Amino acid sequence: MPPNYVRTDQKLGKLLRKTFFNRSVHEVAPDLIGTTLLVDGVGGIIVEVEAYHHTEPAAHSYRGPTARNAVMFGPAGFAYVYRSYGIHWCVNFVCEKAGSASAVLIRALEPTHGIAAMRRRRHLHDERSLCSGPGKLTEALGITHAHNGLALDAPPIALYARSAKPEVVAGVRIGLTKAVDLPWRYGLKGSKFLSKPFAEEIVAQRS
DNA sequence: CTCTTGATCTTCT
DNA sequence: GAAGATCAAGAGC
């Protein structure tokens, strides 16, 4: 049994299997809010995601397969990791049947496991900033190109079901210049660990 | 608090 | 040659 994989932490639910992802990306994306993602035992609760589908121009798969996006065109339940702006890594979970080329970008986590390791990797102390963005959370969890194509239900990756259905809010996706009006960003309502607040929650923001 | 900019890899024009 | 599913630091208010 690999170290850090099976844990006795009572907060963790059942491991999600690949079949969880074998349905519409628009069902999977909000259902990921509240699940727990760990890589080698380090990670936290997913609080923000975005859905991408090959039929809209903001998706990497829109113009067909390339060396970079090949994993997106494969079966559901695998990690698609790409280089962002030449510097960062971003991780997606591939959904739907092979060839659909749809995926969910993981944008923010609430840190719960291995916080000391995350602080070392991020050179930061503030918990709210450890995983509050797609490039931040990959650095905190140690995700790189080496994780591209890995299964989501086998070490070093583990994804745990949520215990209760959370309140999920939606909005437009962040940082795009194409398909900017599609409301395919989902977040945990009221979370302090988002990359940016949702419009519905502006009144809830504090100092 | 907001706005601007540099860093620097992959893909596309 | 330009743009991009980003981030952090610095300037200005």
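The shown structure was predicted, so the numbers you read here are calculated from the model rather than taken from an experiment. The basis for the numbers below is simple: all heavy atoms, side chains too, and nothing from hydrogens, waters or symmetry mates. A, B, ... follow the sequence lines: proteins, then strands. Residue 1 opens every chain.
Rounded to whole Å, atom C1' of C:dC7 lies 14 Å from atom CG of A:L130. Between A:K136 atom NZ and C:dA9 atom P there is a gap of 11 Å when expressed in whole angstrom units. Across the protein-nucleic acid pair, A:W89 atom CH2 and C:dC7 atom C1' stand 16 Å apart, rounded to whole Å. Rounded to whole Å, atom C1' of C:dC7 lies 17 Å from atom CZ of A:R128. Counting to the nearest Å, the C1' atom of C:dA8 and the CD atom of A:E139 are 11 Å from each other. Here C:dA5 presents its C1' atom at 15 Å from CD1 of A:I143, a figure rounded to the nearest Å. Rounded to whole Å, atom P of C:dG4 lies 14 Å from atom CZ of A:R173. Taking atom NZ of residue A:K196 and atom P of nucleotide B:dT2, one finds them 11 Å apart after rounding to whole Å.
Taking all atoms of both residues into account, the shortest heavy-atom contact from A:H88 to A:G135 is CB-CA, 4.1 Å.
When atom types are taken as modelled, the side chain of A:S61 and the backbone of A:G64 share no donor-acceptor pair closer than 3.5 angstrom.
To the nearest 0.5 Å, the span separating NE2 on A:H145 from CH2 on A:W89 amounts to 5.0 Å. For the atom pair SG (A:C90) and OH (A:Y85), the distance works out to 9.5 Å, reported to the nearest 0.5 Å. A:E56 contributes atom CD, which lies 8.0 Å from atom CG of A:L176 (distance to the nearest 0.5 angstrom). The CG atom of A:L32 sits 12.0 Å away from atom CD of A:E27, with the distance rounded to the nearest 0.5 Å.
Mapping A:G175 and A:L124 onto DNA chain C by nearest heavy atom places A:G175 closer to the 5' end of the strand. Of the residues near DNA chain C, A:S129 and A:A59, the one whose nearest nucleotide (by heavy atom distance) lies more toward the 5' end is A:A59.
For the side chain to side chain contact (heavy atoms under 4.5 Å, CB included) test with A:Y160, the passing option among A:L37, A:I45, A:L38 is A:L38; the others fail.
Between A:R23 and A:E96, no side-chain nitrogen of the basic residue sits less than 4.0 Å from a carboxylate oxygen of the acidic one, so the salt-bridge criterion is not met. A salt bridge does not link A:R17 with A:D153: none of the charged nitrogens is closer than 4.0 Å to a carboxylate oxygen. Ion pairing between A:E110 and A:K192 fails under the 4.0 Å rule for side-chain N and carboxylate O. The pair A:R173-A:E50 does not count as a salt bridge, with every side-chain nitrogen at least 4.0 angstrom from each carboxylate oxygen.
Separation of the P atoms belonging to C:dG10 and B:dT8 is 16 Å when rounded to the nearest angstrom. If you take atom P in B:dT13 and the same atom in C:dA5, they sit 13 Å apart, rounded to whole Å.
Residue contacts for A:R185: at a heavy-atom cut-off of 4.0 Å it reaches no nucleic acid atom on any strand shown.
Residues forming a salt bridge (charged side-chain N to carboxylate O under 4.0 Å, His left out) with A:R162 (at least two apart in sequence, or on another chain): A:D31. With sequence neighbours left out, the ring pair (Phe, Tyr, Trp, His ring centres under 6.0 Å) criterion links A:F93 to A:F21.
For residues 94-108 of chain A, proximity to DNA chain B is found at no residue, defined as any non-hydrogen atom under 4.0 angstrom from a strand atom. A heavy-atom distance below 4.0 Å to DNA chain C is reached by these residues of residues 177-184 of chain A, ordered by number: A:T177.
When base pairs are accepted only as Watson-Crick or G-U wobble with both N-N or N-O distances under 3.5 Å, DNA chain B takes part in stems of 3 or more pairs at B:1-7 with C:6-12, B:9-12 with C:1-4.
Using a 3.5 Å distance cut-off with no hydrogens or angles, the side chains of A:H53 and A:T55 do pair a donor with an acceptor.
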Task: Under 4.0 Å protein heavy-atom contacts per nucleotide of nucleotides 5-13 of chain B, with B for base, S for backbone only and - for none - done: --BBBSSSS

